[in-house]
Each structure stands twice: as C-alpha cells, then as structure tokens.
There are 2 protein chains.
Amino acid sequence: MPKRGMQPIRQRELILAAVEAIHERGLNGVTMGDIAKRAGVSPALAHHYFGSKDELLSATMRHLLGEFALAARRRLAVAGDPRARVDAILEASFAPDQFSPALISTWLAFYMQSVHDKAAARLLAIYLKRLEANLRHDLRPLVGDGAVAFARGIAAMIDGLWLHAALPTLHRSPDEALGILRDYVDGRLAAVALS
Amino acid sequence: MPKRGMQPIRQRELILAAVEAIHERGLNGVTMGDIAKRAGVSPALAHHYFGSKDELLSATMRHLLGEFALAARRRLAVAGDPRARVDAILEASFAPDQFSPALISTWLAFYMQSVHDKAAARLLAIYLKRLEANLRHDLRPLVGDGAVAFARGIAAMIDGLWLHAALPTLHRSPDEALGILRDYVDGRLAAVALS
DNA sequence: TATTTTTAATTGACTGCTCAATCAATAAAA
DNA sequence: TTTTATTGATTGAGCAGTCAATTAAAAATA
C-alpha cells in the first residue's frame, strides 16, 4: 500500500507512539516492536525511518523539548510586566496540552537518562539553562540579588510537581500544581516587599 | 574460599553495588553482571542470594527507603517546635550521607520505575504519604488550612531539587538546595503572618 | 493513451548478541 | 559427613538491526 511522501507522517506517528510506549514500559524497557506496533507498522519500518533505536528516542526527546519551548515562547510573547512573564512560564509548564501522563513521564524518563547519557544531558542542559535565564531575567526587578536562587527554586519546584504528577498513585492535577507554584512565588514576593 | 555466614554480608555488598551500577547504567540498563562485578562476585552468586534481578532491585529500593526514613526519624526525635520539625525533615533530605550522586540518581530511578511498576509505586506511595503527613502535621499550627497545599509544595520542591542534583551538568550542592527550601518556607510563613 | 521504468514504502524472515536464570561441580568450613 | 559458599558452563528468550523481496505509485517513454 505504498503512498508516496509517507516519511514525515510515519516519523511523527512513530514519535508519538514512542511517547506512549515509554510511558508504559519505561525508556529502557521499551522495544522497537512496542513502538512500531502502537504506530501500526512493522519494526523494520521504524528502523528504516530512524536508523536505530537511539535515533528514534533521541528524536522523541527533541520533539518534547521543542513542544515545551514553543509553548513557553507563545505565552511569553503576550505577557506584559515581569510578574506576568513569570506566570507565563508557570502556565506553560502546566498547560493542559503539555500535561498528559504519558508526556510527563516520558519527559522525566529523559531527565533520568541524562544522568548517565552525555547526549541527552547536553540537550536537557540547554533547555534548563534557558528556562532559568528567563526566570532570572524577570525576577531580577522583583527580588534583586535573590533572583538566582529564586529562579532555581521555581525550576526545581516545577520539575518536582511534574515528578509527582507522573505518579498515578498521587493523582495531582495541573491546576493544583499551578496554585502551589503561585503561592510560592507570591509568598516570596510579599516577604521581599517588606524588607 | 567459603567462610560461613556470608549471606548478610554479600547481600549488603550487592545492594551497595547495585546503587553504584544503577547510577552508571540506569535502572533498566543495568545487568546482574554489572552489579556482581562491582561487588567482586560472580553473577551466579547474585542470583543465589536474591533469586532474581527483580528481587535484588526491589531489595535495593527498600534499602534506600529505609535509610531515608531512618534519617528523618532521627532528626525529628530531637526537634522541638513545629518550625524546627519542618527543618528536621528538610535537613534529613539533604544530609551529606544521603547525598551522593549515586544515591540520588538511584532513588530517582525508582521514582520513574513507579510510573509503570505497581510494586514500586506502592512502596513509594507509602514513603511519600508519610512525608507529607509529617509536614502537614507540623505546618498546620503555622499556616492553618493552607497546610495541605504547602506540604505538597515542599515535598515537590524536595524532589525537584533532588532531580536537579542528580544531573551532573548542573552541579548543585546540598547546601544550596537547603537554602532554597528555607527561603520557600520562611517566605510563605512571613506572608501568612501578615494576613 | 498505453506501456515500461524508476522510485518509495513496507514487511517477513533471518542473524547475532546480550543477558537472566539454571545447574552441576568444587571447595572449605563445621 | 553435612552444610554453605562459590563459580563456570550452558540454556533459552528477547531484541536490535539487516536484507532481500513485494507492492504500488509516479515518472518516463513510446
């Protein structure tokens, strides 16, 4: 049944299937067979379009990084003052379309991969540095020198809330996560305003 | 070279070796061979004492959970007022003896395992529920009804800081993590004191 | 238009490797 | 002599990656 021009379609399907499969079996537990089956193609086709399992997983990671970066940029573009820009980042982190369990746990699987995989670590470091730089930039006018530590605190809390959101046992909602984050930010801003 | 009474010694050695090996290869990437080699024994011996790879990894997880719980209990026992008890939990989370990169990344590997592994999820849920219950209990007199969300925020931030500490790229120190946590707690307490 | 040729998509069958798990054999302590 | 510790050799399963064969669309040619 060969229709031409399948390459980009199949690649996308395989990446989306990989996210689901990784959620079910874990990053290292997943097989090309798992992914291909979910995408409705043979394992050989997955190899044909990606060359290797590593390539497919790496493409999946880049896909997620791209999605998150895009969501953040879109929201930052329409945010006004620094406080609104901080909130744009928080909201982007917990936007409903970023927040399926499969997406989160795949994201975090790559996080863990970065502990012992140089290539993954490099990609993740770029993302994290940009996130923290954005936060720092907008926090500086609000809290001055405390901005570095504060930005790291917010970044850590975002990832911690994701981690907990990925655990089915805890059933945490994005809205709750956002509320907790805003309490953190506002509490600190109120405390700084007094000193 | 059979000396009698090796069982508990070997089991402990294998568990410690497993932590190191998991740090290097990841939870699913690790093999019995990796672990056994690190412990200076044959793969067959690891099977002899643990029956299966799953058993060994599960024992390793229980070992970590036990260590963390013990550290927290010790510090809580000598803490006075609620604020000091909260701090005891924070300190236990970032005590130097709990904070080797290998320990952290192994801990977080189990976290990720819990996403798709029922047994691991059950163990982790017990730990997390206890942690949050402790925090909630001590925060209640300090912040009233906000204690539930606050406890979840602290728990999330602890795990987020661990996650970042596990990434070699970021080289974050336990002291910095503690500072960020204390800023969070104190900022929120100061904000509540005003309302 | 009809026919042939080229190109892309797709898979089943196969290969080789890694690894968990088993087991029989050996060695030393009790 | 019994029990415990220990390993080398082996088995069997699962999986990544390869390849040749098949199908159909598209392009070229008559």
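Keep in mind that what you see is a predicted model, and the values were worked out from it rather than measured. In what follows, chains are A, B, ... by sequence order, proteins preceding strands, each numbered from 1.
Contact annotation for B/T31: backbone-only contact, meaning every heavy-atom pair under 4.0 Å involves sugar-phosphate atoms and none involves a base.
Between B/M32 atom CE and C/dA21 atom C1' there is a gap of 9 Å when expressed in whole angstrom units. Rounded to whole angstrom, the span from the CD1 atom of B/I35 across to the C1' atom of C/dA21 amounts to 14 Å. Separating the CD1 atom of B/I9 from the P atom of D/dT4 is a distance of 16 Å, rounded to the nearest angstrom. Between the P atom of C/dT10 and the CD atom of A/Q7 lies a distance of 10 Å, rounded to the nearest Å. The nearest whole Å value for the distance from the NZ atom in B/K53 to the C1' atom in C/dT18 is 11 Å. Separating the CD atom of B/E13 from the P atom of D/dT6 is a distance of 9 Å, rounded to the nearest angstrom. Rounded to an integer number of Å, the gap from B/M6 CE to D/dT7 P is 10 Å. The nearest whole Å value for the distance from the NZ atom in A/K37 to the C1' atom in C/dT10 is 18 Å.
Aromatic ring pairs are classed by plane angle as parallel below 30°, tilted from 30° to 60° and perpendicular above 60°; the pair B/Y127 and B/W107 is perpendicular. Relative ring orientation between B/F68 and B/W162 is described as tilted, the plane-to-plane angle lying within the 30° to 60° band.
Comparing D/dA16, D/dT7, D/dT6 by their nearest atom to the side chain of B/A44 picks out D/dT7. Each of D/dA5, D/dC15, C/dT11 was ranked by its minimum atom distance to the side chain of B/Y49; first place goes to D/dA5. Closest to the side chain of A/H47, out of D/dG8, D/dA16, C/dA20, is D/dA16.
Clustering ILVMFWY residues whenever any of their side-chain heavy atoms sit less than 4.5 angstrom apart, transitively, puts B/L16 in a cluster other than the one holding B/L65.
Geometrically, B/R188 engages B/F150 in a cation-pi contact defined by less than 6.0 Å to the ring centre and at most 45° from the axis.
For D/dT4, the OP1/OP2 oxygens have no side-chain nitrogen or oxygen of B/R10 closer than 4.0 Å.
A salt bridge links A/R83 with A/D87; the closest basic N to acidic carboxylate O contact falls under 4.0 Å.
In terms of position along DNA chain D, the nucleotide closest to A/D34 lies nearer the 5' end than the nucleotide closest to the other residue of the pair A/P43 and A/D34.
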